[in-house]
**Student:** 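Input: one structure, supplied below.
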Amino acid sequence: MPELPEVETIVRGLREIVLGKKIKVVKIVPSRVLQSSISSFKRNLIGKKIKGAKRRGKNIILKLSSGNFLLVHLGMTGHLFFLDKPAPLGKHDHIDLIFSDNSSLRYNDIRKFGKFKLVKSSSIEKVEDLKSLGSEPLEISKDNFARLLQRRRGRIKSTLLNQKVVAGIGNIYADEVLFEAKIYPEEKAFNICSDRLKKLHQAIGKILKEAIKAGGSSVDNYLDLEGKKGFFQFHHKIYGKKGEPCPRCRTKIKKMVLNQRSSYFCPNCQKKL
DNA sequence: GTCGATGTTATCAA
DNA sequence: TTTGATAACATCGA
């Protein structure tokens, strides 16, 4: 669910809502989500203020007044919610950071694939989770992007999903950008000419930016900090559209499984080379 | 009741 | 090093 545009939307919300707030109480339901010890997690958060919020790939990085960081990854079903007044923890709520004004930032995650981790370091980028990440897709130049992908031997969609190559693209946006650039998802990356790869780079920029503007895509259950849905799902052209006519050529959209992930494509617009 | 599918990544084997 | 298969987990729908 949460890919780059959704995570970016959440981070922007955090900047508006929780910056400057001081953590008063930390509630934790023990689970694999919390990657630090409960005692050290609480000790290092209570009394600290939230000083900054940024995104790297699909990771959320909160900076604390102590200089430490709180690293959050939403996994597949993780949600952060801002509550303006106290409420008891519900099902699948795992962590609640309660601020001095009694508002709180709550983490809910049905499948518990998400991660919460305290990072005691001033060089957050060197942390294991972040240092192996590839380029930000909205920052890499089109020449570097083309060069990077041309030495990859795997299939183009797998490569786009590989966070070590580019960080932030997930299953939905991978399908959307490949459709936009008219590339067959199973095409080997190195088979694609650099002009086409530059088109792909352009498609990534266009679609991710539009999606951010739309507040992300709410497929299934993505919600922003205030529980509101994004609306980029209404702009999806290919993802989830099996059997519907391609918006470009009216050919029936197909679905196949690639790396155990569903992949939607137009067999006419996205042909094997 | 059972099976398969669902946006994530870590881990392991080839 | 790179790539692909599998597992972690809970829920929903056929």
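Values below: all heavy atoms of this structure, side chains included; hydrogens, waters and symmetry mates excluded.
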**Student:** To the nearest angstrom, how far is A:L148 atom CG from C:dT2 atom C1'?
**Tutor:** 13 Å
**Student:** Here's a test of your reading of the structure: between A:V257 and A:G168, which maps to the more 5' nucleotide of DNA chain B?
**Tutor:** A:V257
**Student:** Within 45° of the axis and under 6.0 Å from the centre of the six-membered ring of A:Y184, does NZ or CZ of A:R155 qualify?
**Tutor:** no
**Student:** Should A:S262 be listed as having a side-chain N or O under 4.0 Å from OP1 or OP2 of B:dT6?
**Tutor:** yes
**Student:** Specify the separation, in whole Å, of atom CG of A:D109 and atom C1' of C:dA10.
**Tutor:** 10 Å
**Student:** Give the rounded distance in Å between these two atoms: CG of A:D93 and P of C:dA10.
**Tutor:** 15 Å
**Student:** Expressed in angstrom and rounded to an integer, what is the separation of A:H79 atom NE2 from C:dT11 atom P?
**Tutor:** 14 Å
**Student:** With no hydrogens and no angle check, do the side chains of A:S104 and A:D96 hold a donor and an acceptor under 3.5 Å apart?
**Tutor:** yes
**Student:** Describe the nucleic acid contact of A:K188 in one word from base, sugar-phosphate, nothing, applying a heavy-atom distance below 4.0 Å.
**Tutor:** nothing
**Student:** Taking side chain as C-beta onward, heavy atoms only, is A:L118 less than 4.5 Å from A:S40?
**Tutor:** yes
**Student:** Are there over 12 heavy-atom neighbours, none belonging to A:E186, within less than 6.0 Å of that residue's CD?
**Tutor:** yes
**Student:** Would you kindly compare A:V165 and A:Q260 by the position of their nearest DNA chain C nucleotide and give the one closer to the 5′ end?
**Tutor:** A:V165
**Student:** Between A:L149 (CG) and C:dT3 (P), how many Å, whole number?
**Tutor:** 11 Å
**Student:** Any salt bridge linking A:E187 with A:K157? Criterion: basic side-chain nitrogen under 4.0 Å from a carboxylate oxygen.
**Tutor:** no
**Student:** Got a minute to check which stems DNA chain C is part of, using Watson-Crick or G-U wobble pairs under 3.5 Å, three or more consecutive?
**Tutor:** B:2-6 with C:10-14, B:8-14 with C:2-8
**Student:** Between A:R12 and A:E8, does any side-chain N to carboxylate O distance fall below 4.0 Å?
**Tutor:** yes
**Student:** Assess the residue pair A:E180 and A:K206 against the criterion (salt bridge (Lys or Arg N to Asp or Glu O under 4.0 Å)); give the C-alpha distance rounded to whole Å, side-chain angles, the decisive distance to 0.1 Å, and a yes or no.
**Tutor:** CA-CA 9 Å; A:E180 178 73 20; A:K206 173 175 178 246; 3.2 Å; yes
**Student:** Polar atoms only, N or O, under 3.5 Å: list the protein pairs with nucleotides 9-14 of chain B and their distances.
**Tutor:**
{"from": "B:dT9", "atom 1": "OP2", "to": "A:K58", "atom 2": "NZ", "distance (Å)": "3.4"}

**Student:** Hey, is A:K22 close enough to A:D101 for a salt bridge, meaning N to O under 4.0 Å?
**Tutor:** no
**Student:** For C:dA10 and A:K112 - does any side-chain N or O of the residue sit under 4.0 Å from the phosphate oxygens OP1/OP2?
**Tutor:** yes
**Student:** Whole angstroms only, please: what is the CD1-P distance between A:I110 and C:dT11?
**Tutor:** 7 Å
**Student:** Using the closest heavy atom to pick a nucleotide of DNA chain C for each, name whichever of A:H92 or A:R151 lands nearer the 5' end.
**Tutor:** A:R151
**Student:** Tell me whether the OP1 or OP2 atom of C:dT11 has a side-chain N or O from A:K91 closer than 4.0 Å.
**Tutor:** yes
**Student:** Quiz question: going by heavy-atom distance under 3.5 Å, is there a donor-acceptor pair between the base of B:dT6 and the side chain of A:R111?
**Tutor:** yes
**Student:** Starting from P on B:dT6, measure out to CD on A:E3 and report it in whole angstrom.
**Tutor:** 14 Å
**Student:** Figure out the CG/P separation between A:N162 and C:dT1, and round it to whole Å.
**Tutor:** 14 Å
**Student:** Looking only at the aromatic ring of each residue, does the gap between the centers of A:Y107 and A:F116 stay below 6.0 angstrom?
**Tutor:** yes
**Student:** Under 3.5 Å, side chain of A:E3 to main-chain N/O of A:L208, donor-acceptor pair present?
**Tutor:** no
